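Report on the following structure.
Letters go in sequence order (proteins before strands), and every chain restarts at 1. Both backbone and side-chain heavy atoms feed into the values below; hydrogens, waters and symmetry mates do not. Given the structure is predicted, the values throughout are model-derived calculations rather than measurements.
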2 protein chains.
Amino acid sequence: MSGRQSGRPTLEQVAARAGVGRGTVSRVINGSPRVSEQTRTAVARAVAELGYVPNQAARALAGSRTDAIALVIPEAEARLFTEPYFLDLIRGVSAELAEADKQLLLTLVRSEQERQRFEQYLAAQRVDGVLLASVHGDDPLPDRIRELGLPVVMNGRRSEAEPVPYVDSDNIGAGRAAVAHLVGRGRSRIATVTGPLDMYVARARLGGYRAGLAEAGLAPDEELVSAGDFTEEGGRRAMRLLLDRSPDLDAVFVASDVMAAGARGALREAGRRVPEDVALVGVDDSPVARLMDPPLTSVRQPIEEMGRTMARMLLEEIVEAPEEPRRRVLPTELIERESC
Amino acid sequence: MSGRQSGRPTLEQVAARAGVGRGTVSRVINGSPRVSEQTRTAVARAVAELGYVPNQAARALAGSRTDAIALVIPEAEARLFTEPYFLDLIRGVSAELAEADKQLLLTLVRSEQERQRFEQYLAAQRVDGVLLASVHGDDPLPDRIRELGLPVVMNGRRSEAEPVPYVDSDNIGAGRAAVAHLVGRGRSRIATVTGPLDMYVARARLGGYRAGLAEAGLAPDEELVSAGDFTEEGGRRAMRLLLDRSPDLDAVFVASDVMAAGARGALREAGRRVPEDVALVGVDDSPVARLMDPPLTSVRQPIEEMGRTMARMLLEEIVEAPEEPRRRVLPTELIERESC
DNA sequence: GACTACTGTGGGAGCGCTCCCATCCCTGCT
DNA sequence: AGCAGGGATGGGAGCGCTCCCACAGTAGTC
């Protein structure tokens, strides 16, 4: 159908049409300054007339860069996170890459087998760099990728002293802000439901909680700390445990909105009113928070912005050799609703 | 670092190591049957020893296929849909593509400009086919892509008689099932909040609602139909209007869970109890439905399965020339909760 | 006026594959 | 014994670019 039956035009054909050499067209296409203005316009016209679009495969083969980057999301964790998380992240990454005219390759990794397959892709030189979302504490993948010589940027980190470049949100600040807010509302027996403590993000939020207590002059109490797993059910269980151990608690900082939904259920079961008896603060500012009864006060992370920042950092790493690993920690923000 | 400094091994090197010709290695790699068992194992060993991985760009250039497909999601609509929708869809697509060893290129289209850029990509022959999510009624993109000679499969359709291959869920069935369920619970003044009627999905659900009424021998009443826009606020407004016009209604089929959340709010404002005074059915079976008070009965769409099916269809279209456009309509399922 | 120093340009040499044709070497048959 | 018919194999010819070297033309320098 239509005139493209004979195949798409090539550099050579554009060159012929513009009456110049192949190299010159290439220079124009790639914006080299070493071309006279006159030649440039002639080539530009030929390009327009022929509807020329450079063949990506040929470019990649000759130039050894693909103009594509991979975003890797471990499937297991994709289910844990409050749902909009990854979509927001993708949105940010996508926006930034689109501006730079790069392609986004999305890889959901479900199994060890797929993970190996992914490493094969990297080896096949399909991408110029890798973005890694939600990496576990002991995940060797980031280091493996670096060994392949590919730039990587992670979302979040595996530990306090992360050697690989990353973009994280200020999880410690999130915990502190939550506690400070609760203290400001006159609460003093403040408990917390944490995430799984093998994840740095969970430890950081817990650390922020403790720092917040210390700043308010409140004594830490291990009875007031209960570990969840970022699921609703986990939040429910942790809350029950807390109520059991410390019936006198008057506030809870829950390390995610989804867990907060579970916790809220446990409080209802126990006949505690929110916020009259127990005040609640979550993390994520997810749609869930808005829909809860009462709507949940929550600490917002700038997810989309994290995505953008990651992409930007990666693109930088791709062009300029990274002297030392970059890292960015973006601020969080407390969104007040009626649960406090 | 490590031994790959000298560049990755090539076909040629594998051939030399195995003591065979280049063509033979290529045949082994691509699983051609015209290779003796002995040679095959010899080559396989050389591949393993060298850690050979075929260069994708070279393959694409020589073989003119990329082993990648694009999934296009219009950003504007990504915000409308109940959040897990696209993630589930992506999950399904990704799973199926991974099995077939294909890459997923994700493209969020935000503006007309980005859309054009996307068409350039297609022209640059970066993908073997395109998956299109949530296409509007008058969207010319699907036809444009077909003109480029690329296989396309859409999620949903633009009209009843869609010429482009698609995978849809049974939206008419969804409406009928919802109404039948409500009728079964003794309701007879059944209203509906629809989606924006320029979208086929909204019209189909409305059609199902009407068919359901007819099947139950209930007279249609246009006063009982109110258009929303798939947002929570739109659902709230539509519900208010409905209550205003027909205070005697005793049930509502709301064409999405998010709108149902808004509708539920409007009912609360009006002092109507759910389900005692007014029964509610939504669509999507999203997390929102589970969290509502009372939890919302909702018609589930097999989103992930749609994603898988789309991918499968596209892969088929890529290999065998499509005689006539394929289409698949997957069944929906009513999930009972306490809102009826 | 000869020399150097640029800028602009053309085009050869690959990049690492796939495609395909020519070749070789078995079978099996007459 | 001689020949056809295959299966297995080697390797040339590209695929459409980028890189880079060579060269022409022009300008600047003493």
Apply side-chain hydrogen bond (donor to acceptor under 3.5 Å, both in side chains) to [X] and list each qualifying residue two or more places apart in sequence or on a separate chain.
X         : result
Thr107(A) : none
Arg144(B) : Glu119(B)
Arg65(B)  : Asp67(B)
Asn30(A)  : Ser26(A), Arg59(A)

| said: Can you give me the bend angle of the helix from dG1(C)-dC30(D) to dT30(C)-dA1(D)? Use the axis through the first five pairs and the one through the last five, nearest 10 degrees. | reply: 50°
List, with names and distances, any nitrogen or oxygen atoms from the protein found under 3.5 Å away from nitrogen or oxygen atoms belonging to nucleotides 25-28 of chain D.
none

| Test side-chain hydrogen bond (donor to acceptor under 3.5 Å, both in side chains) applied to Arg157(B) and Tyr166(B), step by step | CA-CA 6 Å; Arg157(B) 44 188 146 165; Tyr166(B) 63 83; 3.1 Å; yes
Please tabulate, one pair per line, each protein N/O and nucleotide N/O from nucleotides 17-19 of chain D that are separated by under 3.5 Å, including the distance.
| from | atom 1 | to | atom 2 | distance (Å) |
| --- | --- | --- | --- | --- |
| dC17(D) | OP1 | Tyr52(A) | OH | 2.6 |
| dC17(D) | OP1 | Asn55(A) | N | 3.4 |
| dC17(D) | OP2 | Leu11(A) | N | 2.6 |
| dC17(D) | O5' | Tyr52(A) | OH | 3.2 |
| dT18(D) | OP1 | Asn30(A) | ND2 | 3.2 |
| dT18(D) | OP1 | Arg59(A) | NE | 3.0 |
| dT18(D) | OP2 | Ser26(A) | OG | 2.7 |
| dT18(D) | O4 | Arg22(A) | NH1 | 2.4 |

| Counterpart residues, side chain to side chain contact (heavy atoms under 4.5 Å, CB included), relative to Glu112(B) (two or more places apart) | Arg115(B), Gln116(B)
| query | Residues two or more places apart in sequence or in another chain: which of them pass side chain to side chain contact (heavy atoms under 4.5 Å, CB included) with Ala62(B)? | reply | none
In whole Å, I'd like the distance from the [atom1] atom of [X] to the [atom2] atom of [N].
X         : N       : atom1 : atom2 : answer
Gln125(A) : dG16(C) : CD    : P     : 8 Å
Arg40(A)  : dG8(C)  : CZ    : P     : 9 Å
Arg126(A) : dC15(C) : CZ    : P     : 21 Å
Gln38(A)  : dG8(C)  : CD    : C1'   : 12 Å

Can I get a per-line list of side-chain donor-acceptor pairs under 3.5 Å for residues 31-38 of chain B, giving both atom names and the distance, sequence neighbours left out?
| from | atom 1 | to | atom 2 | distance (Å) |
| --- | --- | --- | --- | --- |
| Ser32(B) | OG | Arg34(B) | N | 3.1 |
| Ser36(B) | OG | Thr39(B) | N | 3.2 |
| Ser36(B) | OG | Thr39(B) | OG1 | 2.7 |

| said: Using a heavy-atom cut-off of 4.0 Å across all strands, would you classify Ser64(B) as base, sugar-phosphate, or nothing? | reply: nothing
| query | Under 4.0 Å: is that the gap between some side-chain N or O of Ser36(B) and OP1 or OP2 of dG7(D)? | reply | no
| field | Contact under 4.0 Å: Thr24(A) side-chain N or O vs dG10(C) OP1/OP2 | value | yes
| query | Side chains of Tyr85(A) and Asn155(A): closer than 4.5 Å at any heavy-atom pair? | reply | yes
| What nucleotide among dC15(C), dT7(C), dT9(D) has an atom nearest to a side-chain atom of Arg34(A)? | dT7(C)
| said: Quick test of your reading: applying salt bridge (Lys or Arg N to Asp or Glu O under 4.0 Å), list the pairs with at least one residue in residues 125-138 of chain B, sequence neighbours left out, ordered by first then second residue. | reply: none
| note | Quick note, salt bridge (Lys or Arg N to Asp or Glu O under 4.0 Å) partners involving residues 44-54 of chain A, not counting sequence neighbours, are Arg17(A)-Glu49(A), Arg45(A)-Glu49(A)
